[in-house]
Protein chains: 2
Amino acid sequence: MKAIRIVIIGGVAGGASAAARARRHSESARITVIERGPDVSFANCGLPYHIGGEIEDRGELALQTPESLRQLLNLEVITLTEAIAIDPQARQVTLRSVADGSESVIGYDELILSPGASPLRPPLPGIDHDKILTLRNLQDMDRIKAEVEKVDSVAVIGAGFIGLEMAEQLIRLGKKVSLVELLPQVLPQLDAEVVRPLQRELVAQGVELFLGDGIDGFEDRNGRPAALLKSGRVLETGLVLLSIGVRPESTLGREAGIELGPRGHIRVDAYQRTSAPHVYAVGDVCESPDPLLGGHVAIALGGPANRQGRTAADHIFLGERALPFRGSIGTSIVRVFGKTAGIAGASERRLQTAGLPYRTVTVNGPSHASYFPGAETITLKLLWSPEDGRVLGAQAVGGEGVDKRLDVMATAIHGRMTIDDLVHLEFAYAPPFNSAKDVINTAGFAATNLRDGLLVAVDSLADAEGQPIIDVRPPASAAALPVPGAVNIPLPALRSRLEEIDKSRPVFTVCQMGKTSYFAARILANHGYDARSILGGAHHQAPREGD
Amino acid sequence: MKAIRIVIIGGVAGGASAAARARRHSESARITVIERGPDVSFANCGLPYHIGGEIEDRGELALQTPESLRQLLNLEVITLTEAIAIDPQARQVTLRSVADGSESVIGYDELILSPGASPLRPPLPGIDHDKILTLRNLQDMDRIKAEVEKVDSVAVIGAGFIGLEMAEQLIRLGKKVSLVELLPQVLPQLDAEVVRPLQRELVAQGVELFLGDGIDGFEDRNGRPAALLKSGRVLETGLVLLSIGVRPESTLGREAGIELGPRGHIRVDAYQRTSAPHVYAVGDVCESPDPLLGGHVAIALGGPANRQGRTAADHIFLGERALPFRGSIGTSIVRVFGKTAGIAGASERRLQTAGLPYRTVTVNGPSHASYFPGAETITLKLLWSPEDGRVLGAQAVGGEGVDKRLDVMATAIHGRMTIDDLVHLEFAYAPPFNSAKDVINTAGFAATNLRDGLLVAVDSLADAEGQPIIDVRPPASAAALPVPGAVNIPLPALRSRLEEIDKSRPVFTVCQMGKTSYFAARILANHGYDARSILGGAHHQAPREGD
Ligand SMILES: Cc1cc2nc3c(=O)[nH]c(=O)nc-3n(C[C@H](O)[C@H](O)[C@H](O)COP(=O)(O)OP(=O)(O)OC[C@H]3O[C@@H](n4cnc5c(N)ncnc54)[C@H](O)[C@@H]3O)c2cc1C
Ligand SMILES: Cc1cc2nc3c(=O)[nH]c(=O)nc-3n(C[C@H](O)[C@H](O)[C@H](O)COP(=O)(O)OP(=O)(O)OC[C@H]3O[C@@H](n4cnc5c(N)ncnc54)[C@H](O)[C@@H]3O)c2cc1C
Ligand SMILES: CC(C)(COP(=O)(O)OP(=O)(O)OC[C@H]1O[C@@H](n2cnc3c(N)ncnc32)[C@H](O)[C@@H]1OP(=O)(O)O)[C@@H](O)C(=O)NCCC(=O)NCCS
Ligand SMILES: CC(C)(COP(=O)(O)OP(=O)(O)OC[C@H]1O[C@@H](n2cnc3c(N)ncnc32)[C@H](O)[C@@H]1OP(=O)(O)O)[C@@H](O)C(=O)NCCC(=O)NCCS
């Protein structure tokens, strides 16, 4: 039997993973990895942290080298070589050497595309200024690191995950950092109110934040770049980092007649098969079946890329006995100085775009037992389907333990769990790690209470405008962060002061975090009032810097 | 309509939670909490940490007081009063004042029993020595704290969760600590090999560990207690802390003719109903349907107690529209100095006792990206059913992030997920928080590989005794922690040195953590060898102090 010949385009997350798994299936397969750059198997996700010096040793970022992949996996690794055309009929790929432009052709039995996605660089006036950089690979990183040393200010354009990581690392280096974002919030994957603590943190750490402001173009000012904002502001700076998103590198696929999705991703099925026989696509370049909302979804993250690469290799050797990729729910996270935020599943925005009905509740809870030193507040926002209670998404912000709650929620979403399931999830509890009831249980309580009518609520103070509001916090807290127009009746006094409250019209209760106002609303409802609790509490209402 | 009268026996975790939830269902209910001690709603789980001073303020431990429960929840709280008899026919409870012994009777419509469990104090010779203490409530804590100040050595008997927490806190106070455990391992809820790192940590921190040694009795030596061990050793010490387990306080129930389980727990259904109409039981006193192994299970933990209390209150007001308790899988955790270990679901021992078939795999992985500073190794042991792949249990040990993995695994177990599900769980990945593939994904990979025959493995070096073993580590590691009888062929050299290996008999591969030996076994298998990987690696094999 002739040995199977597998060609893989792209030698980093998806490509190297596919190659490694393929080798574990077969020693006889000829496995060739084609990579445009000089490096394979590097830690893209670590790049910002080496620029800022938090990862000191550049060598840490090269997880494997072409040589080590040869040694360990007996791979043929061809670097500095670009695949420039695919012929699915002839099962051939045309290659071009980056060094000398010479071309060659390589045949395959099975082809795996993992070319990733490249940073967007829109054709704005002045975009070709040589101090406007993007970050994707080790060369970009080296370049940025060198340039950053020469300047005292940097403008980061785009406040997604990479933009935020870069802003943090640049502050770490003592630079003056401006962060510009077209949308009125950072981290547009998350809902606006969830990321407010990040915005406050950025400002508190000295980042100059420009939200809801786009870029019209760039100009040169004595060799330094200046970003021209839509608002008319001009940001003169030493260096511009563009991190406004990525575009799938799907030209190869498109030119070979492979089916693409609406935003240019290569469409694949659950085995990572494209529309062309014997051609797989994995990682940032592809869009795969959406386990949450139906249709297809493209999620540019390292975890899915690795596991999709593995899935493609499995399908080559096992056919439909392979375990299909379950689809990506976009679980992601970012640390911004002392704060952490992230999401698993769909945001409100995504559900609105998809036209799906949903309900939502936001609760606060301590990261571990409140009586044990060091607990921090975690805010958890839950979205679920009113039809069957299925959890559709979760977002969390706080410090310690945000990652834990996101991973649990991701597991619950993958397991198609409902808000009822969250009530009785049983978490590991000892005082340094948790409370007897985790904030995820609390979210389950609040969601089922909403469904069952025990919690009648509005999201925020704005929804209660012009109506009677009872602030049930202790007088000192109520005075410190007052709710305009509210009457202060602390919870312990509520039962004895009921006659002060008009029973003929709806009444709203508010507290700091949303729990005490629920308790108060229960008292009022059980006494015959039409009582509604303000979920967010005063906590998120008060406008502060960065909001 | 007459207001419903609810009586609750026990005013801490289960009892106070039931009362609070009942009040939120109804303002008119008369809710009476009977508590033997002076306190209600205190943080049992925090007691060890106040003794050691890690929780400085004693006040932090009183989450509510009888007075605050009156104010906030309009509860009738009767402390220092013991319930001494129940009459389910007459729906009456007899009470006795702790102060003066006077008796009274209280009637109920619904009764909730949450009397908890009391520390075991077996009738050993000398057990009544006044320096032999147990820890359950604030009074015990105060007493121990005062006594500890007077001594320089303490013997802790029993190395379960509380015993380990106490040992840690006592070392923190500079005491000489002996820790005695009848079984040959600490934390008998977990499997022996998983807790070895804890044992090493205890020894490293100066705890004198006596494993596999029981207590025959105690003696007085000049006012100081001495523990007489079965091995003949005598531990002279300043103070003895007994933490060898708890016994459900079910006498009340038994005497009322309520059905008990084999170990004396009150048996309940998923709504926490006992065999007596209108009598519920929650918390440490009860055993409830076992979601994992069938039958009933008693789990003495704070989370289940709180949620069972809430469930009982729900059933009183909602009947079978209430959300049933899902059963406890015993998710638990303990921090022992710099190490953390815990479990979700069943251990090997529990599955063996239940006679259920299972398979197991143990993998190691970094707590977060290995290229980002501060990553620590997590060891994760997975148990699943060979019939349908359903996950039955998980145990983890390490430092950072053990709690996260346990909570995810608990969620997966509650969701009846399988080893296939673990493969594609999508976790929040940024370098400070995780890797592109989490150790839970890795456990899923290894488990499905075992099932599918890609990974052929034995658990430990012992299983390979007398057989050819290839140590595929780099020469330096192989020399540092040598595997007796193994031939060192580093992985990169394996393909070119195949002829050194006898193809006619099984060959075992070993490395440090289990991953490289899997890679080697794949190479060998694909070249026609009967190759078996040693899962645990050399990591856990070498006997060290504390093993
Ligand atoms: C700065 C940065 C930070 C990130 N942080 C995170 C994070 O914290 N968490 C997370 O989950 N994800 C993160 N990501 C995203 C993650 O790195 C990607 O999702 C993942 O690398 C995608 O894998 P891939 O194989 O699809 O593409 P890549 O890893 O980008 O690999 C594609 C490779 O293909 C090569 N290539 C492209 N076209 C050709 C061609 N025609 N011929 C030959 N070679 C070609 C490219 O040179 C490239 O090396 C980050 C990305 C960046 C850039
Ligand atoms: C030191 C310590 C540390 C712990 N650490 C943890 C941990 O880290 N994580 C965890 O999950 N769990 C932990 N636990 C266990 C947890 O505290 C219990 O599972 C939980 O408190 C059980 O709740 P309960 O309501 O059943 O009983 P309890 O909370 O014990 O309350 C029962 C109450 O009933 C009263 N009572 C009993 N009989 C009568 C009667 N006849 N009349 C009137 N009153 C009566 C008792 O005085 C007691 O106050 C710990 C327990 C202890 C003691
Ligand atoms: C480095 C790279 C080539 C590694 O690929 P890999 O060999 O598949 O991955 P790992 O080294 O994690 O090893 C995983 C394998 O070891 C196995 N394994 C791990 N620990 C094990 C253990 N203790 N016992 C048995 N098997 C184990 C897994 O089952 C898996 O094998 P499988 O896929 O055959 O099931 C690839 O991940 C890569 O290039 N990464 C860098 C780029 C990147 O990911 N970027 C984005 C994130 S920064
Ligand atoms: C203190 C004690 C009486 C509290 O009982 P509780 O009021 O039920 O519990 P909490 O204070 O956590 O409040 C939970 C309630 O607030 C609600 N809630 C919490 N945050 C909310 C928010 N942001 N918005 C709306 N509702 C919220 C929950 O839904 C829940 O109400 P529900 O049960 O009606 O659904 C009880 O837990 C106790 O005695 N604990 C100490 C003993 C103990 O647990 N020991 C073992 C562990 S150390």
Side-chain angles (χ1 to χ4, degrees), chain A residues 13 24 26-27 43 45-46 49 54-55 60-61 71-72 74 301-304 306-307 323 325-326 328-329 331-335 342 369 371-373 403-404 406-408 410-412 414-415 417 420-421 423-433 436-437 448 491-492 495 522-523 526-527, chain B residues 13 24 26-27 43 45-46 49 54-55 60-61 71-72 74 301-304 306-307 323 325-326 328-329 331-335 342 369 371-373 403-404 406-408 410-412 414-415 417 420-421 423-433 436-437 448 491-492 495 522-523 526-527:
Chain A
R24 292 192 283 271
S26 164
E27 275 291 295
C45 317
Y49 297 93
E54 197 166 349
I55 299 175
E60 290 283 335
L61 299 176
Q71 282 200 354
L72 295 173
N74 191 23
L301 289 170
N306 272 264
R307 289 179 288 100
L323 183 68
F325 182 66
R326 296 281 167 95
S328 172
I329 59 169
T331 316
S332 44
I333 192 164
V334 66
R335 187 196 72 186
Y371 58 80
F372 190 87
D403 59 327
K404 176 160 81 174
L406 290 172
D407 284 357
V408 168
T411 305
H414 268 284
M417 292 188 185
D420 284 324
D421 292 315
V423 168
H424 281 305
L425 284 180
E426 184 184 341
F427 299 110
Y429 165 44
F433 303 106
K437 289 169 291 195
T448 51
L491 184 68
R495 288 187 183 84
R522 287 308 311 146
I523 294 175
N526 282 329
H527 281 283
Chain B
R24 292 191 284 271
S26 163
E27 275 292 295
C45 317
Y49 296 94
E54 198 166 348
I55 298 174
E60 290 284 334
L61 299 177
Q71 282 199 354
L72 295 173
N74 193 23
L301 289 171
N306 271 264
R307 289 179 287 100
L323 183 67
F325 183 66
R326 296 282 167 96
S328 172
I329 60 168
T331 316
S332 45
I333 191 165
V334 67
R335 187 197 72 186
Y371 58 79
F372 190 86
D403 59 327
K404 175 160 83 174
L406 290 172
D407 284 357
V408 167
T411 306
H414 267 283
M417 293 188 185
D420 284 323
D421 292 315
V423 168
H424 280 305
L425 284 180
E426 184 184 340
F427 299 109
Y429 165 43
F433 303 107
K437 288 170 291 195
T448 51
L491 184 68
R495 286 186 183 85
R522 287 310 310 149
I523 294 175
N526 283 329
H527 282 283

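These values consider heavy atoms only, across backbone and side chains, with no hydrogens, waters or symmetry-generated copies. Nothing here was measured: the structure is a model prediction, and the numbers come from that model.
- Counting heavy-atom pairs closer than 4.5 Å to chain B, the top-ranked of the candidates A:Ala410, A:Ala43, A:Pro431 is A:Pro431.
- Using a 4.5 Å cut-off between heavy atoms, A:Phe427 touches chain B through backbone and side chain atoms alike.
- Of the listed residues (B:Pro304, B:Pro432, B:Ser332), the one with the most heavy-atom contacts under 4.5 Å to chain A is B:Pro432.
- In this structure, the portions of A:Leu72 lying under 4.5 Å from any heavy atom of chain B include both its backbone and its side chain.
- Each of A:Lys437, A:His414, A:Arg326 has some count of heavy-atom pairs under 4.5 Å with chain B, and the biggest count is that of A:Arg326.
- Both the backbone and the side chain of A:Ser328 come within contact range of chain B, each with at least one heavy atom under 4.5 Å from a heavy atom of that chain.
- Separation of atoms NE2 (A:His424) and CZ (B:Arg307) is listed at 6.5 Å; rounding is to 0.5 Å.
- Residue contact with chain B, scored on non-hydrogen atoms closer than 4.5 Å, involves the backbone and the side chain of A:Leu425 alike.
- Contact tally against chain B (heavy-atom pairs below 4.5 Å) for A:Glu60, A:Arg335, A:Glu27, A:Met417: the top residue is A:Glu27.
- Contact annotation for B:Leu323: both backbone and side-chain heavy atoms come within less than 4.5 Å of a heavy atom of chain A.
- Only the side chain of A:Asn306 has a heavy atom closer than 4.5 Å to any heavy atom of chain B.
- Residues satisfying the ring-ring contact (aromatic ring centres under 6.0 Å, His included) test with A:Tyr371, not counting sequence neighbours, are none.
- The line from NZ of B:Lys404 to CG of A:Asp407 is 4.5 Å long, rounded to the nearest 0.5 Å.
- Contact record, A:Gln71 with B:Pro492: OE1-CB, 3.3 Å, taken as the closest heavy-atom pair.
- Residue with the most contacts toward chain B among A:Leu301, A:Ile55, A:Leu61: A:Ile55 (heavy-atom pairs, distance under 4.5 Å).
- Between chain B and the options A:Ala13, A:Pro373, A:Gly302, heavy-atom pairs under 4.5 Å are most frequent for A:Pro373.
- In this structure, CD1 in B:Ile329 is found 8.0 Å from OG1 in B:Thr411, a value given to the nearest 0.5 Å.
- For the atom pair NE2 of B:His527 and CZ of B:Arg522, the computed distance is 11.0 Å after rounding to the nearest 0.5 Å.
- In this structure, chain B has a heavy atom under 4.5 Å from the backbone of A:Val334, while its side chain stays farther away.
- Nearest heavy atoms, B:Ala428 versus B:Phe433: O-CB, 4.4 Å.
- Annotation: maximal heavy-atom pairing with chain A below 4.5 Å, among B:Asp420, B:Leu406, B:Leu491, occurs at B:Asp420.
- To the nearest 0.5 Å, atoms CZ (A:Phe372) and CD (B:Glu54) are separated by 3.5 Å.
- The contact between B:Arg495 and chain A is made entirely by side chain atoms (from C-beta outward), counting heavy-atom distances below 4.5 Å.
- Contact tally against chain B (heavy-atom pairs below 4.5 Å) for A:Gly342, A:Ala369, A:Gly46: the top residue is A:Gly46.
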